[in-house]
Amino acid sequence: MPRIIVQKYGGTSVGTTDKIKNVAKRIKTYHDRGDHVVVVVSAMGHTTDELIELADKLNSNPPRREMDMLLSTGEQVSVSLLAIALDSIGVPARSFTGSQVKMMTDGNFSNAKIEMIDRTRIDEALGENKVAIVAGFQGIDKEGNITTLGRGGSDTSAVAIAATLGANECEIYTDVDGVFTADPNKVNGAKMHERITYDEMLELASLGAGVLHSRSVELAKNYDVVIHVRSSFKDIPGTLVVSEEKLMEHIRVSGVTIKNEEARVTIPDVPDKPGIAAELFGALAKADVIVDVIVQSSPSNGKNTISFTISRKSVKEALPLLEKFVEANKTGKIELNEKIAIISAVGVGMKSHVGVAAQMFKALADNNINIEMITTSEIKISCVIPEAQGKSALKAIHDEFI
Ligand code: ASP
Ligand code: MG
């Protein structure tokens, strides 16, 4: 039985015709050794952004169905060009749009969820010894409308196809070498992981480590697909994203990340009564304001202090809603700090090692960095700190643990 390999190439990996040629050469080496290769590609370079700009010039609130119709064209260009490039070096290939492989999704335009993939046409191509090239990021709903999966969604297309085919590997080719302990552009001595768990990767992705689309990691976890993150420009091994059982040893901290451009809101003297937090955060959710860290003090004299962080961009939108809440509930005055950052340490080993939090706080203290808020989960510790000290905090915590 030939191995089934799913490979996904991101926009930068197919940004020019020269780069497409390189991708084709890489695919040829797999095809030559007898693998069944299914390739998922994103749109070339900044195509998707450019298409959005075009629409924006015509309509500041374009119909979502038409946006998906528009954006899906980017991937249609890259799949066909790749098939053309493969043909020129003697590799038979066949490209498919999302609708041609019946990548069935719900009808939620611009953020559709995959419901089912029909493997028939992919199997047919593979059976004829062809490379199957599938457009990433796009699908089709029950009514036959073209849908897209949300920005960066080609990773999710690739993992969904790998799960459907029971592929031996799902390689995600990208412009970084793999998954690091911190952003190598920000931290000297950041190390590349050989392996990392799905859960760590999910925490790191949502913290802005930006290597993989979060939904692709969730899907891989649910269907036990090993994701292999690797460079499309260098021939080096990269990082495997695997289940916890596949790791011999659980390190305490596998990644440190920082989220900038955040703001902290504190509301003192909030009456301590049922439904008050729901009222506050319900109003923010309704206005699509994303809230990250939330800390509520335990009640004293029938009052609480509620603090939370939002992105700095959403402050303008959130403030009027908060003023309304303050007015209605006669709370204390809103305190706003727009110069904060959130620093987080992530590691599955935190479950079994004690003292990680204390060690992190000490590293910050030794560098004279004040902690404004703290939250933890089973595998993550996050601290809100002054933004100006973000860089030194990142270095201090990375040095401490890695
Ligand atoms: N081309 C789409 C985007 O730019 C999908 C992707 O790159 O994964 O978001
Ligand atoms: Mg991308």
Side-chain angles (χ1 to χ4, degrees), residues 6-17 19-20 22-23 38-56 62 64-83 95-101 103 105-106 108-114 117 132-141 145-164 170-176 179 201-202 204-206 208-220 225 227-233 238 241:
V6 174
Q7 303 187 331
K8 179 258 172 178
Y9 293 92
T12 42
S13 307
V14 293
T16 62
T17 46
K19 286 184 176 163
I20 292 176
N22 281 333
V23 167
V38 181
V39 185
V40 174
V41 269
S42 297
M44 292 173 73
H46 298 290
T47 304
T48 309
D49 293 318
E50 286 157 15
L51 292 170
I52 291 172
E53 268 167 43
L54 280 180
D56 203 44
R64 291 171 62 199
R65 177 190 184 277
E66 302 312 324
M67 282 310 286
D68 282 14
M69 182 68 123
L70 175 68
L71 297 191
S72 70
T73 62
E75 271 72 12
Q76 195 168 336
V77 170
S78 49
V79 287
S80 46
L81 286 178
L82 182 56
S95 65
F96 298 102
T97 62
S99 67
Q100 286 177 321
V101 293
M103 172 81 72
T105 70
D106 62 20
N108 188 10
F109 296 117
S110 85
N111 196 22
K113 301 264 176 307
I114 301 172
I117 305 169
I133 309 172
V134 181
F137 173 59
Q138 56 180 263
I140 187 166
D141 73 5
N145 300 301
I146 291 179
T147 55
T148 65
L149 310 181
R151 296 306 305 273
S154 299
D155 293 343
T156 300
S157 313
V159 172
I161 289 172
T164 303
C170 182
E171 298 182 320
I172 307 269
Y173 286 93
T174 171
D175 50 359
V176 296
V179 182
M201 201 57 219
L202 279 171
L204 292 167
S206 67
V211 185
L212 290 176
H213 197 223
S214 293
R215 271 167 51 200
S216 70
V217 184
E218 279 165 20
L219 202 63
V225 174
I227 299 181
H228 188 173
V229 179
R230 53 191 312 190
S231 165
S232 59
F233 307 119
V241 188

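Counting convention: from 1, in listed order, for ligands and their atoms alike.
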Practice task
May I ask you to check whether Ser154 has an N/O atom sitting below 3.5 Å from an N/O atom of ligand 1?
Solution key: yes
Handout entry: Whether over 12 other heavy atoms sit under 6.0 Å from Gln76 CD
Key = no
Fill in the blank from the handout: Rounded to the nearest 0.5 angstrom, the OG-OH distance for Ser42 and Tyr9 is 12.0 Å
Practice task
Go through the structure and list residues passing side chain to side chain donor-acceptor pair (under 3.5 Å) with Thr47, not counting sequence neighbours.
Solution key: none
Practice task
Could you list which atoms of ligand 1 come closer than 4.0 Å to a heavy atom of Arg151?
Solution key: 3 (C), 4 (O), 9 (O)
Handout entry: Short side-chain to backbone donor-acceptor contact, Ser95 and Ile133, under 3.5 Å
Key = no
Exercise for the section: Consider ligand 1: state whether an atom of it lies below 4.0 angstrom from any non-hydrogen atom of Gly153. Expected result: yes
Problem - Donor-acceptor contact below 3.5 Å, side chain Ser214 vs main chain Leu202 - result: no
Handout entry: Atom indices of ligand 1, in the order listed, that fall short of 4.0 Å to a heavy atom of Glu75
Key = 1 (N), 2 (C), 5 (C)
Exercise for the section: For ligand 1, note which part of Ser42 has a heavy atom under 4.0 Å away: side chain, backbone, both or neither. Expected result: side chain
Practice task
Flag Lys8 as yes when one of its N or O atoms lies below 3.5 Å from any N or O atom of ligand 1, and as no otherwise.
Solution key: no
Practice task
Would you mind running through ligand 1 and noting each atom that sits below 4.0 Å from a heavy atom of Gly152?
Solution key: 3 (C), 5 (C), 6 (C), 8 (O), 9 (O)
Handout entry: Pairwise distance CG(Asp155) to CZ(Arg215) - rounded to 0.5 angstrom
Key = 11.0 Å
